[in-house]
There are 2 protein chains.
Amino acid sequence: MEQQSLNRAGLKQCIIDGGLKATHQRIVIFEALEALHGHHPTAEDVFQLLKPANPSISLGTVYKTLDSFVEAALIRRVLSEEGGKRYDANTVSHSHIYCSNTKEIIDYEDAELEQLLQDFFSKRNVENFEIKSFAVQLTGNKVEPDKQISIKPVN
Amino acid sequence: MEQQSLNRAGLKQCIIDGGLKATHQRIVIFEALEALHGHHPTAEDVFQLLKPANPSISLGTVYKTLDSFVEAALIRRVLSEEGGKRYDANTVSHSHIYCSNTKEIIDYEDAELEQLLQDFFSKRNVENFEIKSFAVQLTGNKVEPDKQISIKPVN
DNA sequence: CTAATTGCAAACTATTTGCATCTTG
DNA sequence: CAAGATGCAAATAGTTTGCAATTAG
């Protein structure tokens, strides 16, 4: 269910396989993206996570690196309604739920749904387009998430 | 297939029904959004379209109006990978195709697909979420659109 | 009339760019 | 060592805000 979390050597190899130089900055940025799995961070989020342990890293480098990673298909840019750029190290085909209240983007992995769409689009011909991938975007609201979590009192 | 295009009186009524004051600016902005149906314009796009005929309109008003319209559910904000805010006057449930080459967002209306998903999610229970809507996001490339169009030579 | 809306300009936030310096392969 | 990457600072988008003047209901 969880994607295999990679160690630095593994991450380094991924970066090289993507045709990029494996600099220290790129390795720690990739590592941060893995740590933020499911959180769909912005460049700023990644930068903030890295800064304490890497005080010399620059925000500009984070921006450039994220672009390079997307270009190399190591990560994806996530669609956003809010107009900021977000990133996702999870490259397995999956869908997202957009919470209208909290503006969170939550991963939704549903094998049955993926299969259903796979079947549909293998039959269906979309005119003038070569379809590379698809994902469902669900919009809704978290149902009382705080209440659920705090239901069991801490004694 | 096409959504009914409304005249100014109709647009004005929509705005009022949305609980907003029907100012001249709002009417022409709504009109511009209808004219740009399928183009998923930015605030700037709308502004540029309006300026010639409405030289006194301000970009700030366009931003505020688009926000009000989204709030009132008269239009939708469209998800974007590129990080800008785009708007869609088409409020009928439909999907979008994202062209990797041109970065265009193209409407994809497929009744069978909508029905398929409707059925799927009426059975499927998404944990902790009340799903309000769904849409499929297709990613791909336009297949030689220029070539296709120019195949018939103009003699 | 009065509450909401507009236009304008200034303020912000997010992102990109140019370039001298440093690093990886 | 050469090509490519980094850090920094300045530049550029894109969007929001505050407020006096205006307008719709």
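This one's a predicted model, so the numbers in the text were calculated from it and none came from an experiment. Naming: A, B, ... by sequence-line order, numbering from 1 per chain.
Remark: the A:Gln48 side chain and the A:Glu44 side chain contain an N/O donor-acceptor pair separated by less than 3.5 Å. Judged by distance alone, the side chains of B:Ser122 and B:Asp119 never bring a donor and an acceptor atom under 3.5 Å apart. Using modelled atom types and a 3.5 Å distance limit, the side chains of B:Thr61 and B:Gln25 yield no donor-acceptor pair.
Within the structure, every side-chain polar atom (N or O) of A:Thr42 is placed at least 4.0 Å from both OP1 and OP2 of C:dA14. Taking side-chain N and O atoms only, A:Ser56 has no distance below 4.0 Å to OP1 or OP2 of D:dT6. Under 4.0 angstrom from either OP1 or OP2 of D:dT15 there lies at least one side-chain N or O belonging to B:Tyr63.
Looking at residues 71-88 of chain B, you'll see that no heavy atom sits under 4.0 Å from any atom of DNA chain C. Of the residues in residues 24-31 of chain B, B:Gln25, B:Arg26 come within less than 4.0 Å of DNA chain C through at least one heavy atom, sorted by number.
Without hydrogens or angle criteria, B:Arg76 side chain to B:Val70 main chain gives no donor-acceptor distance under 3.5 Å. Between the side chain of B:Asn54 and the main chain of B:Ser56, no donor-acceptor pair closer than 3.5 Å is present.
Across all strands, A:Ala43 comes closer than 4.0 Å to no nucleic acid atom at all (heavy-atom distances). Counting any heavy atom pair closer than 4.0 Å across all strands shown, B:Thr61 reaches a base atom.
At least one side-chain heavy atom of A:Ile97 sits less than 4.5 Å from a side-chain heavy atom of B:Ile131. Residues B:Ile29 and B:Ile57 form a side-chain contact, since some pair of their non-hydrogen atoms from C-beta on lies under 4.5 Å apart. Proximity of A:Val126 to A:Phe121: side-chain heavy atoms (C-beta onward) are separated by under 4.5 Å at one or more points.
A:Ile15 and A:Val62 fall within the same hydrophobic cluster, where Ile, Leu, Val, Met, Phe, Trp and Tyr residues are linked whenever their side-chain heavy atoms come under 4.5 Å apart, directly or through other members. A:Leu36 and A:Tyr108 fall into different hydrophobic clusters, where Ile, Leu, Val, Met, Phe, Trp and Tyr side chains are chained together by heavy-atom contacts under 4.5 Å.
Taking the six-membered ring where the residue is Trp, A:His40 and A:His94 present parallel rings, their angle staying beneath 30° rather than reaching 60°.
Axis deviation across the helix from C:dC1-D:dG25 to C:dG25-D:dC1 amounts to 50°, comparing end segments of five pairs, rounded to 10 degrees.
The residues A:Glu81 and B:Lys85 are annotated as not salt-bridged, no charged nitrogen and carboxylate oxygen being separated by less than 4.0 angstrom. Using a 4.0 Å cut-off between a side-chain N of Lys or Arg and a carboxylate O of Asp or Glu, A:Arg77 and A:Asp67 qualify as a salt bridge.
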Could I get a table of every N or O pair under 3.5 Å where one atom is in the protein and the other is in nucleotides 1-3 of chain D?
| unit_1 | atom_1 | unit_2 | atom_2 | d |
| --- | --- | --- | --- | --- |
| D:dA3 | N3 | A:Lys21 | NZ | 3.2 |

Would you tabulate the pairs of protein nitrogen or oxygen atoms and nucleotide nitrogen or oxygen atoms of nucleotides 17-19 of chain C closer than 3.5 angstrom?
| unit_1 | atom_1 | unit_2 | atom_2 | d |
| --- | --- | --- | --- | --- |
| C:dG18 | O6 | A:Lys64 | NZ | 3.1 |

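Every residue two or more places apart in sequence or in another chain that forms a side chain to side chain contact (heavy atoms under 4.5 Å, CB included) with A:Glu104 is listed here: A:Cys99, A:Thr102, A:Ile106, A:Lys142.
As rounded to whole Å, 11 Å separates atom C1' of C:dT5 from atom CG of B:Leu20.
With the nearest nucleotide of DNA chain D identified for both B:Thr23 and B:Leu59, B:Leu59 has the one nearer the 5' end.
For B:Glu82, the CD atom sits in a packed shell: over 12 heavy atoms of surrounding residues, nucleotides or ligands are nearer than 6.0 Å.
A:His39 and A:His37 have their aromatic ring centers separated by at least 6.0 angstrom.
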